[in-house]
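Okay, structure first, notes after.
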Amino acid sequence: MTATPVPPSAPPKPTWDPVRPEPPFPWLRPTIRIRLTLLYGGMFLIAGILLLSIIYLLAADALHNGSAPKLQISSDGSVSIRSPQCPAVDAATTQTALNAAISECADALRQRALDNLLSRSLLALLGLSVIAFAFGYAMAGRVLSPLGRITRIARRVAGSDLSRRIELDGPDDELKELSDTFDEMLERLERAFTAQQRFVANASHELRTPLAINRTLLEVQLSDPGASPELQQLGKTLLATNERSEQLVEGLLLLARSDNQIVERKPVDLAEVASRALDQVRAEAVDKGVEIRGERQVAVVQGNGVLLERIALNLVQNAVRYNIPEGGWVEVRTEVQHGQAVLLVANTGPVVPAYEIDNLFEPFRRLRTERTGSDKGVGLGLSIARSVARAHSGRIIAEPREGGGLVMRVTLPI
């Protein structure tokens, strides 16, 4: 008798209240839009004030230098005009030439002052731009830091840790509202997954128990030496049907459990997993005349050994059962490629069209048949393999093999 699984307990109710009352003045709410407007408006205002102040100081310096007398009147028996900055004034001998030299000197000095003011203003603008970009980058990072926290929590939740909550503190802005909405969604998801786990556990018990009783009754009846041959044949048929139902129930339950991420991971060698799967299928392969070959190298991953063994077992069983009648083979290899562990199962068999590949991974689907009408399985092997691979953050790819058969490649992160 199998032990009755204990249904997981319901998660506790959250201590936080995501629903907050509306403030009396909603337009005074410190939203991100208002905060960014005030932040960047204030930065622009401060930068403008600094720039105007610098230009004022530069202009004052230029005016101060420009107010110095440019012309000097000397008297050495005769009146003469001299200019240390304009030599052309000293060389002027007539009134017309002197006026022209003074005008040209004034224009040159004015242009020199404007050029000096422009160059200093550009340097001041460049310095203020660097400071403004650095300050804006720092302030934007501080404003958006809650969004980074939400992203990190979302990534952890993607790893099946639904018990995590953001519980963001701070002003009641759009990010706080997003955080509370996300926490409320996580709460509902956790309750839904917990309810699913309880349903799977209860269904496991309710479905396995009657099937186990039926199997016991049939085995007792078949063990009766006085049973007629017709009754013996009927009992064997019913026992095979009951066994098929048990396999179907086990497959459905495993498929439901393997849809979630694996929380507890341990080092698992894919080579050992593949070898165990081959040991379970070797007798069936010998009966069907299928050769098993392939080199299995060490490829250690972090995961659940039982579920990873189920991947290898399902793939190898399919490769043996869906093979050619004579001269068939199954190749099973494990290796490490490009930082990932690879389990490859290739086999001979019927030609598989490329457009049928995706259908093979659907529950209860087989090549050219849609429902369970074969004695080769219940139609859940590849569905379970894909679900387990996804739960380990890996993937499984099927490709038609030239000449018939399939090449199944499972890649898992190391």
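- A donor-acceptor contact shorter than 3.5 Å is absent between the side chain of Ser387 and the backbone of Ser383.
- Remark: Thr151 pairs with Arg155 by the side-chain contact (heavy atoms from CB on, under 4.5 Å) rule, at least two apart or across chains.
- Pairing each heavy atom of Pro400 with each of Leu406, the nearest pair is CA-CD2, 4.1 Å.
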I'd like a table of donor-acceptor pairs (distance under 3.5 Å, sequence neighbours excluded) in which one partner is a side-chain atom from residues 328-343, with atom names and distances.
unit_1	atom_1	unit_2	atom_2	d
Glu331	OE2	Arg333	NE	3.0
Arg333	NH1	Glu335	OE2	3.2
Thr334	OG1	Gln297	N	3.1
Thr334	OG1	Gln297	O	2.7
Glu335	OE2	Gln337	NE2	2.6

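- Separating the CG atom in Leu50 from the CD1 atom in Ile55 is a distance of 11.0 Å, to the nearest 0.5 Å.
- Asn347 places no side-chain N or O within 3.5 Å of a backbone atom of Val320 that could act as its donor or acceptor partner.
- A search for side-chain contact (heavy atoms from CB on, under 4.5 Å) contacts involving Leu38 returns Ile34, not counting sequence neighbours.
- Going from atom CD1 of Ile384 over to atom CD1 of Ile311 covers 10.5 Å, rounded to the nearest 0.5 Å.
- Note that CE of Met408 and CG of Asn318 are 7.0 Å apart. Values are rounded to the nearest 0.5 Å.
- Residues Val301 and His392 are not in side-chain contact: their nearest non-hydrogen atoms beyond the backbone lie 4.5 Å or more apart.
- The side-chain heavy atoms of Leu308 and Leu412, taken from C-beta on, include a pair separated by under 4.5 Å.
- Residues Glu309 and Glu272 have side chains not in contact (no heavy-atom distance under 4.5 Å, counting atoms from C-beta outward).
- Looking at heavy atoms from C-beta onward, Asn314 lies in side-chain contact with Gln317 at the 4.5 angstrom threshold.
- Leu239 has its side chain out of reach of Glu243: every pair of non-hydrogen atoms, C-beta onward, lies at least 4.5 Å apart.
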